[in-house]
Structures are given as C-alpha cells and as structure tokens.
Amino acid sequence: MDIRRRSSSPSTTNTNNMAQGKRVDLVPVFLYLTNAVFFFSVVYYVLMRWRDKIRHSTPLHLVTFSEISAIAASFIGFFGIAIVQPFLFPRLPFPYIYEEEHTMINSQINFPPKDKKVIIEEDEEVITSVVEGKTPSYSLESKLRDCKRAAFIRRQALERITGKSLQGLPLDGFDYDSILGQCCEMPVGYVQIPVGVAGPLLLDGMEFTVPMATTEGCLVASTNRGCKAIYACGGATSVLLRDGMTRAPVVRFATAKRAAELKFFLEEPLNFHLLASEFNKSTRFGRLQRIICAIAGKNLYIRFTCSTGDAMGMNMVSKGVQNVLDYLRTDFPDMDVIGISGNYCSDKKPAAVNWIEGRGKSVVCEAIIKEEVVKNVLKTDAASLVELNTLKNLTGSAMAGVLGGYNAHASNIVTAVYIATDNAHASNIVTAVYIATGQDPAQNIESSHCITMMETVNDGRDLHVSVTMPSIEVGTVGGGTQLASQSACLNLLGVKGANQESPGSNARQLAKVVAGAVLAGELSLMSAIAAGQLVKSHMKYNRSNNDKDATSKQAEASPELEFVLL
C-alpha cells in the first residue's frame with residue numbers, strides 16, 4: 001500500500017488514529033528502533049565494565065567518568081523519543097495516513113462541505129429581513145459595509161426565496177470590493193472560465209502570448225496552430241486604420257426643415273472647432289474627430305466620433321455628447337432630445353454604419369504563409385484554401401445575407417457566435433480574448449465584423465492571407481480591465497493600464513493583437529475544413545475525457561490532427 005496523502009492538521013491526525021486504533025506513521029517507528037538499539041548497547045557496555053571490575057577485585061562503587069557518561073546516555077536513550085521527537089516533528093506522532101484509510105474515516109465522520117458557511121445569528125436576522133422584503137437586496141453593500149458578507153447574505157436569501165440551490169457556484173476567492181459600483185450589481189458568486197494561451201504570436205516584430213477564456217474545445221489549440229504557421233513564416237504585419245469611439249443621439253424638431261438646419265450647422269467645418277471645445281471640456285483624453293448626421297423626417301441622428309486614449313470610451317464620448325447637446329440648446333431651443341443614443345452609433349448590434357465607417361479601432365492584419373508551412377503545419381495547400389475562402393467566407397456569406405461576417409470564426413476569438421451570420425469563427429476568437437482581458441463581451445457583435453481574404457502568391461506556391469476588422473472596441477483601463485484576473489492577462493500581453501508616455505497606445509496595441517489572433521484562428525480553422533479534419537478534431541478533442549494521456553494517444557493514432565497539440 002503506497003503512502004499518498006499527508007494530514008492537514010494534528011486534529012485530523014488524532015481523529016484518524018483513534019478511528020483506526022493503530023499507528024500508520026513511519027518516522028516515529030524509526031526513532032523507537034534507534035533509541036532501543038542505543039539503550040541496549042549502553043547497558044551492554046556498563047555490564048561488561050562491571051564484569052571486568054569483579055574479575056580484578058575492583059569495588060563497583062568506584063565509577064569512572066566513561067561509566068557515568070554511559071549511564072546518563074542510557075537514560076537519554078530510554079526517554080529520548082519523548083524529548084527529541086516534539087522538536088523534530090511538531091505535527092507528529094502520526095503525520096502520514098494511507099489514502100484508503102483516509103477515505104474510509106472521512107466517510108464515517110461528518111465534515112462540513114467545503115463551501116458551507118455557518119450562519120451566525122446576526123447574519124440570520126439580515127437574511128430574514130431580505131426574504132421578508134424589509135431590506136432591499138440591492139442595498140446590502142451600503143448597509144453592511146462588507147461586500148463579501150453582502151454577497152453571502154444575498155445568496156442565502158435567494159436560495160430561500162426561490163427554493164433553488166446555488167451549490168456549485170463559487171462564492172469564496174473573489175474580491176467583491178473590486179466590482180462595487182462599476183462591474184456587477186447584486187453579486188451572489190462568480191463563474192469560472194478556463195483561460196488558455198496561444199502563441200507566441202509574432203506580430204510587427206514582437207512576440208505575444210495571447211490569453212483566451214473559453215469553454216470550447218479545440219479553439220485555443222487551433223489558434224495556437226495558426227500562430228505557429230505565422231511564426232514559421234516571419235510573422236504577421238498589422239496597420240491601424242482608424243481609432244474613434246462613437247455615440248449618436250437622436251433629436252426631434254417640429255419640422256424636417258428645422259432638423260436639416262441643425263444638420264447643416266453641425267457639418268459646417270467652420271463650426272467644428274467650437275463644437276470640439278465643448279465636447280472636450282469634460283475629458284483629458286477624449287478629442288472630437290468628426291460629426292456625421294442622418295435625417296429621418298423631422299428626426300435627426302447625430303454620430304459623434306472621438307478618440308478615447310486607452311479606455312474603450314463609451315462613457316467618455318457620452319459625456320462629451322451631452323456637453324454639445326447642452327450647448328446647442330442656446331441656438332436651437334426647440335430641439336427635443338429623445339435619447340442620448342439613437343442606435344446610429346451603433347453599439348452591440350450588427351450595423352452597416354460600423355462596417356463602413358468603423359467604430360473603435362479599425363485594423364488590417366496580413367501574412368504570407370510559405371508553401372511548406374501550408375503543407376506541413378496546416379496539412380493542406382494554398383489553392384484549396386483560396387477556393388474554400390471564396391465559396392464559404394465570401395459567396396456563402398453573401399448568399400446568407402450577412403453583415404460583416406465574411407470570415408470563418410472571428411467572433412470565436414473576440415465570444416460564442418451568436419450573431420445570425422454565416423462566418424467561420426472570428427466571433428469565437430474575439431470573444432475569448434475579450435473575456436480574458438476584461439472587455440465587454442456583448443461588443444463582440446460589432447467587434448467581430450471581419451472580412452478574410454486569401455489568394456495565392458509567388459507563382460501560386462505561397463498563400464497571402466489577411467483579415468480586415470473595422471470596429472474592434474477595446475480598452476486597457478476601466479470596466480472589467482481592473483479586475484485581478486483580467487489585469488493579469490493584460491499584463492501578459494504587455495498592455496496593462498494606461499500608457500503614460502503615449503496615451504492610447506496600449507489599447508491600440510491590444511486591438512492589433514486581437515486582429516493577429518483572429519488571423520491565426522482563421523488560418524487554422526479554414527485549413528482544418530479544407531483538409532476535411534474539422535469534425536474529426538471536434539469529435540476527438542471537444543468531448544469530456546478524464547484520461548490525461550488520451551490526447552497524446554489520439555494524436556499518435558491520427559497524425560493529421562496533431563494541430564491540437566502544437
């Protein structure tokens with residue numbers, strides 16, 4: 001029987017030994033044997049000395065120094081285990097227990113569940129008050145001044161009100177103070193999402209390890225294979241085309257003519273400086289870039305675009321827009337502001353205006369993949385990839401009437417594909433990176449707008465691949481970016497927080513990394529489809545399997561699927 005586990009405390013040890021009625025430790029037994037041998041050796045020495053004295057007629061009471069030392073040593077040997085052992089092994093006498101015995105004993109003793117908390121009387125009063133409706137659940141943080149305690153009490157009250165258990169939803173291990181007033185209201189726990197890494201992604205001469213939070217099997221591995229192919233060919237190149245967040249209020253007048261007058265005023269270049277000064281006065285980093293307008297009858301939609309530094313910038317641009325609207329009331333007192341957002345922005349919705357005009361960061365990223373890499377790493381050929389891209393990502397998406405979804409799976413790398421588009425998986429990649437780095441996952445919708453282009457170059461031997469993404473909405477400050485886990489992922493990319501030397505450069509770099517990761521993901525997924533391995537890879541690797549050797553065994557049996565291990 002192998003020794004597997006060490007007890008965590010003396011109390012657990014004593015309980016186990018009392019239950020078993022025997023010792024299962026090794027070190028104390030060794031000490032007992034050592035002391036016994038030492039004790040009997042000393043006794044033997046003293047008896048031999050006395051025998052010599054009797055033979056030579058020497059009185060026994062004439063004791064020599066060596067005999068005194070031997071007698072003293074015999075006492076130390078006899079009692080040594082009680083003296084020495086507490087100093088050498090303070091958690092003994094029984095620190096080791098067998099795994100089978102531990103399991104059996106724990107089954108006999110009713111230990112409380114790991115996450116089970118004892119409800120004290122003071123908490124019970126508050127829980128009862130919430131259940132009875134006397135204390136609003138949303139007010140617990142302000143009343144208790146303890147965010148974790150508030151989450152615990154809210155959770156207990158919710159279970160009693162609904163009669164549903166939240167067992168399995170973790171409560172401990174999260175900093176609830178960090179989300180107060182900015183990330184999530186009325187928390188009752190948190191959801192665990194595994195984070196994998198793909199890379200290194202060689203982009204613009206720099207290497208990036210890309211964190212991806214996802215529950216989809218094969219996604220990280222596939223993106224990793226794309227990174228390997230890009231790296232082997234000298235890396236990818238990216239260009240930032242535009243950088244500006246938008247907000248578009250809708251205002252109404254009594255007549256269409258009056259709405260048109262405001263449109264002409266806003267789009268007049270001579271008025272821009274005045275409007276910009278009003279817009280910029282509420283922010284250090286937001287700078288108005290342009291204004292475009294659209295009329296629907298007597299309703300006017302005004303689309304403001306501004307730079308936002310390293311923040312994603314929705315709040316920043318909204319405050320600037322409010323400043324301008326307040327200023328316009330002087331010359332247009334008959335203007336009725338219907339809403340600060342009229343959906344001409346357009347936020348968290350697939351929209352042609354974002355596809356055409358851009359929103360957030362507009363990035364294009366490209367790479368040339370050598371013939372041998374296409375063959376050996378991607379397991380296909382350039383001509384097959386070009387044909388598949390044309391018929392799937394371009395023609396197929398056009399047949400489906402998609403908007404901004406001319407790609408394989410960009411949203412996968414930005415969240416799960418929940419836009420009704422026929423794309424490969426850009427959405428998945430965007431979502432995975434967004435969750436890991438604290439972005440708003442809902443903005444995956446416009447952020448995963450992407451067109452993937454492929455064509456053969458160098459006499460048809462090599463593959464030129466590119467992704468163009470007009471509306472990547474990211475930031476490195478504010479929102480979820482300041483949470484510990486997300487902050488760590490941003491730090492891994494080297495873009496954590498605001499860039500003091502060049503404001504906005506961290507967010508722009510993050511947008512380029514997103515585009516680079518999408519490029520890698522598109523390249524790998526399209527290759528899997530072209531090689532006919534998509535279904536096989538998901539059937540083998542996207543199923544629950546507790547065998548830690550299964551992946552390597554499957555790869556040996558199916559070399560064509562080795563990309564999931566790269």
Side-chain angles (χ1 to χ4, degrees), residues 238-248 250 289-296 301-308 312-314 317 341-366 389-390 392-431 433-434 439-454 465-474 507-508 511-512 514-519 521-522:
S238 65
V239 178
L240 185 79
L241 305 174
R242 284 189 296 264
D243 180 10
M245 182 50 63
T246 64
R247 175 60 83 199
V250 54
Q289 296 175 343
R290 57 176 177 161
I291 303 174
I292 59 173
C293 301
I295 284 184
Y301 296 82
I302 312 167
R303 194 172 194 259
F304 294 82
T305 303
C306 81
S307 61
T308 57
M312 185 271 288
M314 287 297 300
V317 67
S341 174
N343 276 8
Y344 188 50
C345 312
S346 174
D347 187 42
K348 302 175 184 177
K349 291 165 283 294
V353 68
N354 291 338
W355 180 246
I356 298 170
E357 297 289 340
R359 189 170 194 256
K361 277 72 174 171
S362 299
V363 181
V364 59
C365 188
E366 64 178 346
N389 187 71
T390 300
K392 172 184 168 59
N393 289 342
L394 304 183
T395 307
S397 295
M399 292 294 291
V402 305
L403 179 61
Y406 298 92
N407 59 78
H409 71 160
S411 177
N412 241 351
I413 302 177
V414 177
T415 99
V417 184
Y418 59 92
I419 311 173
T421 60
D422 180 24
N423 56 28
H425 81 317
S427 175
N428 282 355
I429 300 174
V430 174
T431 299
V433 177
Y434 269 32
Q439 313 303 314
D440 187 344
Q443 289 183 323
N444 153 77
I445 296 178
E446 61 267 36
S447 294
S448 59
H449 281 181
C450 171
I451 182 168
T452 300
M453 303 293 293
M454 294 184 181
V465 56
S466 67
V467 294
T468 304
M469 306 180 69
S471 51
I472 301 177
E473 299 168 356
V474 294
R508 290 190 288 270
K512 291 182 178 182
V514 169
V518 168
L519 181 70
E522 292 288 282

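Position 1 is the first residue of the sequence, and the numbers go up from there.
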Visitor: Which value, rounded to the nearest 0.5 Å, describes the distance between C365 atom SG and L240 atom CG?
Guide: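 Reported to 0.5 Å precision, the distance equals 12.0 Å.
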Visitor: Do you see a donor-acceptor pair shorter than 3.5 Å between the side chains of T452 and E522?
Guide: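 There is such a pair between these side chains.
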Visitor: Quick check: closest heavy atoms across Y301 and A296, and the distance to 0.1 Å?
Guide: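 Closest pair (atom of Y301, atom of A296, distance): CE1-CB, 4.0 Å.
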Visitor: Let me confirm one number: the CE-CG distance from M312 to D440, rounded to the nearest 0.5 Å.
Guide: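 Atom-to-atom, M312:CE and D440:CG are 6.0 Å apart.
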Visitor: Can you tell me how far OG of S238 sits from CE of M469, rounded to the nearest 0.5 angstrom?
Guide: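 So the gap between those two atoms works out to 12.0 Å.
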Visitor: Working to the nearest 0.5 Å, report the span between CD1 of I445 and CG of L403.
Guide: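 That separation rounds to 11.5 Å.
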Visitor: Taking all heavy atoms of C450 and all of V518, pick out the closest pair and write down the distance.
Guide: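 Answer, listing the atom of C450 first, then V518: SG-CG1, 4.2 Å.
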Visitor: Could you please spell out the steps behind the side chain to side chain contact (heavy atoms under 4.5 Å, CB included) verdict for V364 and L241?
Guide: CA-CA 7 Å; V364 59; L241 305 174; 4.2 Å; yes
Visitor: Any side-chain heavy atom of L394 within less than 4.5 Å of one from I451?
Guide: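 L394 vs I451: side chains touch.
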Visitor: So S471 and Q443, do their side chains get closer than 4.5 Å, heavy atoms only?
Guide: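 Side-chain contact under 4.5 Å: no.
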Visitor: Taking all non-hydrogen atoms of both residues, which atom of M454 and which atom of N389 are closest, and how far apart?
Guide: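 What the structure gives for the nearest pair is N-ND2, 3.5 Å.
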Visitor: Using atom types as modelled and distance alone, determine if a side-chain donor or acceptor of R303 lies under 3.5 Å from a backbone N or O of Y344.
Guide: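 Looks like yes, one N/O pair under 3.5 Å.
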Visitor: Which atom pair, heavy atoms only, marks the closest approach of V474 to K361?
Guide: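 Shortest heavy-atom separation between V474 and K361 comes out as O-NZ, 3.7 Å.
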Visitor: As an exercise, state the distance from CD of E357 to CZ of R242, rounded to the nearest 0.5 Å.
Guide: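 Result: 7.0 Å between the selected atoms.
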Visitor: If every non-hydrogen atom of S447 is compared with every non-hydrogen atom of E473, which pair is closest and at what distance?
Guide: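 Smallest interatomic distance, heavy atoms only, reads OG-N, 3.1 Å.
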Visitor: If you look at every heavy atom in C293 and I291, which pair is closest and at what distance?
Guide: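 Closest approach of C293 to I291, heavy atoms only: SG-CG2, 4.2 Å.
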Visitor: If I take atom OG from residue S341 and atom CZ from residue R247, how far apart are they, to the nearest 0.5 angstrom?
Guide: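 Rounded to the nearest 0.5 Å, the OG-CZ separation comes out at 4.5 Å.
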Visitor: For C345, is there any backbone N or O sitting under 3.5 Å from a side-chain donor or acceptor partner on T246?
Guide: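 Indeed, once roles are kept as given, a pair shorter than 3.5 Å links the two residues.
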Visitor: Using the salt bridge (charged side-chain N to carboxylate O under 4.0 Å, His left out) definition, which of the options K349, R359, K348 pairs with E446?
Guide: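 Per the salt bridge (charged side-chain N to carboxylate O under 4.0 Å, His left out) rule, the option paired with E446 is R359, out of K349, R359, K348.
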